[in-house]
Amino acid sequence: VTKVKIALIGHGGHSKVICEILLSSPCNEITGWFDDKFECENRTQGIHYGPIGAIPSFIDAQPNVKFIIAIGNNYNRKAISERLGLGLDHYTTAIHPSAIISPSAIIGSGTVVMPYAVINAHSEIGEHAIINTCSVIEHDNKIEAYSHISPNATLTGNVHIEEGAHIGASATVIPQKRVGAWSKVGAGATVIHDIPDNCTAVGTPARIKIKDSIGGGNV
Ligand SMILES: CC(C)(COP(=O)(O)OP(=O)(O)OC[C@H]1O[C@@H](n2cnc3c(N)ncnc32)[C@H](O)[C@@H]1OP(=O)(O)O)[C@@H](O)C(=O)NCCC(=O)NCCS
């Protein structure tokens, strides 16, 4: 059986979790791992390690390889994706076998779905998103690229999470609400009103605590 060759980008804690998810399928094989902390290229136990700048020559050597950007910070994940400029067909998804995903849900390239996550009917997840452990994405959600739904978060029906938004652990968003692009919802918050772009909202009910919070923060 020919295995799917996959290379990870990013070599921190988040990437170890993604590596294990990928290897939970016997069809996958990790053939590359790239991070700028590797100054030189080297090959150890069949895996090619190197800086991110070495990726184009790696693709020349392994044209069928698929990538996952295994970086937890939404902002950095987008920056790396833009720096590489690879088409979406170069990315794969990493979906843990215990996740329950509706056949009518759509999962974008580069997106990771962690153990015991549930994604219900007609929900649409964009590219390079993180659907973390035990999170619940109810029906008809729209979750845009580079967002992160943290462990145990609950998005009820028809919720819209815009690009790069981060929903903290155990937060809840009630039906039909929107969390704006690059906004953060604190751990344990309950979102009952739309949250604009680039804000940090915390508490129950969630109130805006910080405006223009793009990039930084305790994610
Ligand atoms: C909301 C959050 C992003 C804010 O981080 P930050 O921008 O570094 O902000 P600070 O820690 O300076 O907190 C700002 C204020 O919000 C309050 N606050 C922060 N997080 C809060 C939370 N989850 N619930 C209630 N209040 C919170 C702080 O007490 C502080 O209040 P003060 O100004 O009255 O003292 C962060 O605290 C958080 O909850 N992150 C979620 C982390 C998570 O779930 N990660 C999952 C990884 S898998």
Side-chain angles (χ1 to χ4, degrees), residues 8-22 24 35 68-81 93-96 98-101 107-108 110-119 123 125-138 141 143-156 159-174 177-219:
L8 294 159
I9 303 168
H11 195 255
H14 183 63
S15 76
K16 294 175 198 162
V17 177
I18 293 176
C19 178
E20 289 188 5
I21 289 174
L22 291 167
S24 66
D35 192 301
I68 292 257
I69 306 177
I71 296 171
N73 181 288
N74 296 347
Y75 204 66
N76 294 344
R77 209 160 55 258
K78 182 171 185 183
I80 295 289
S81 149
T93 54
I95 298 177
H96 193 271
S98 67
I100 299 176
I101 300 176
I107 314 277
T111 284
V112 176
V113 182
M114 303 273 190
Y116 298 107
V118 178
I119 302 176
S123 280
I125 319 287
E127 291 81 33
H128 303 291
I130 302 169
I131 307 300
N132 220 315
T133 312
C134 290
S135 57
V136 176
I137 316 289
E138 260 302 333
N141 275 226
I143 316 275
E144 293 193 31
Y146 307 108
S147 55
H148 178 180
I149 313 302
S150 294
N152 224 36
T154 302
L155 307 183
T156 61
V159 164
H160 184 179
I161 306 296
E162 293 191 346
E163 184 182 278
H166 179 213
I167 308 301
S170 293
T172 299
V173 182
I174 71 163
K177 300 304 169 198
R178 167 183 88 94
V179 176
W182 303 98
S183 281
K184 293 173 199 153
V185 170
T190 308
V191 173
I192 63 164
H193 303 293
D194 287 353
I195 306 291
D197 297 354
N198 301 318
C199 287
T200 299
V202 298
T204 296
R207 301 213 186 277
I208 294 166
K209 191 84 185 172
I210 309 168
K211 285 191 175 150
D212 300 321
S213 59
I214 193 161
N218 175 25
V219 293

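The figures here come from the full heavy-atom set of this structure, side chains too, leaving out hydrogens, waters and symmetry mates. Starting from 1, each residue takes its place in the sequence as its number. Each ligand, and each atom within it, is numbered from 1 in the order the structure gives.
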J.: Return all side-chain donor-acceptor pairs below 3.5 angstrom for residues 8-17, not counting sequence neighbours, or 'none' if the list is empty.
T.:
unit_1, atom_1, unit_2, atom_2, d
His11, ND1, Lys37, NZ, 2.9
Ser15, OG, Gly10, O, 3.3
Ser15, OG, Gly12, N, 3.3
Ser15, OG, Gly12, O, 2.7

J.: If we ignore angles and hydrogens, is there a donor and acceptor under 3.5 Å between the side chains of His160 and Asn141?
T.: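 His160 vs Asn141: no donor-acceptor pair found between side chains.
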
J.: With a cut-off of 4.0 Å, which atoms of ligand 1 are near a heavy atom of Ala169?
T.: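 It comes down to these atoms of ligand 1: 43 (C), 44 (O).
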
J.: Report, one line per pair, each donor and acceptor closer than 3.5 Å where one atom sits in a side chain of residues 186-193; sequence neighbours left out.
T.:
unit_1, atom_1, unit_2, atom_2, d
Thr190, OG1, Thr204, OG1, 2.8

J.: Looking at ligand 1, does any of its N/O atoms fall within less than 3.5 Å of an N/O of Val202?
T.: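 There is no such contact.
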
J.: Whether the Ser81 and Tyr146 side chains hold a donor-acceptor pair (N or O, under 3.5 Å, no angle test) is what I'd like checked.
T.: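 Judged by distance alone, the side chains do pair up.
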
J.: Side chains of Cys134 and Pro151: does their closest heavy-atom pair fall under 4.5 Å?
T.: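 No. Closest side-chain heavy atoms not under 4.5 Å.
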
J.: Using heavy atoms and a threshold below 4.0 Å, how should the contact between Val185 and ligand 1 be classified: side chain, backbone, both, or neither?
T.: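 Under 4.0 Å from ligand 1, Val185 contributes no heavy atoms.
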
J.: Under 4.0 Å from any heavy atom of Ile210, which atoms of ligand 1 are there?
T.: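 In order of numbering, the contacting atoms are 7 (O), 9 (O).
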
J.: Nearest non-hydrogen contact with atom 46 (C) of ligand 1 belongs to which option: Ser150, Ser183, Gly72?
T.: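 Looking at heavy atoms only, Ser150 sits closest to atom 46 (C) of ligand 1.
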
J.: N/O of Lys209 under 3.5 Å from N/O of ligand 1, yes or no?
T.: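 It does: an N or O of Lys209 is found under 3.5 Å from an N or O of ligand 1.
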
J.: Please check whether Ala187 reaches ligand 1 - meaning an N/O of the residue sits under 3.5 Å from an N/O of the ligand, judged on distance alone.
T.: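 Right, the criterion is met.
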
J.: So, Ser150 and His166: side-chain donor and acceptor under 3.5 Å apart, yes or no?
T.: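 Side-chain D/A pair, Ser150 to His166: present.
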
J.: Does Pro151 come within less than 4.0 angstrom of ligand 1, counting non-hydrogen atoms of the residue?
T.: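 Yes; Pro151 lies near enough to ligand 1 that a heavy-atom distance drops under 4.0 Å.
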
J.: Considering the heavy atoms of Asn132, write down every atom of ligand 1 situated less than 4.0 Å from one of them.
T.: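 Contacts of ligand 1 toward Asn132, numbered from 1: 48 (S).
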
J.: Can you list the steps and then say if Ile137 with Ile131 is a side-chain contact (heavy atoms from CB on, under 4.5 Å)?
T.: CA-CA 9 Å; Ile137 316 289; Ile131 307 300; 4.1 Å; yes

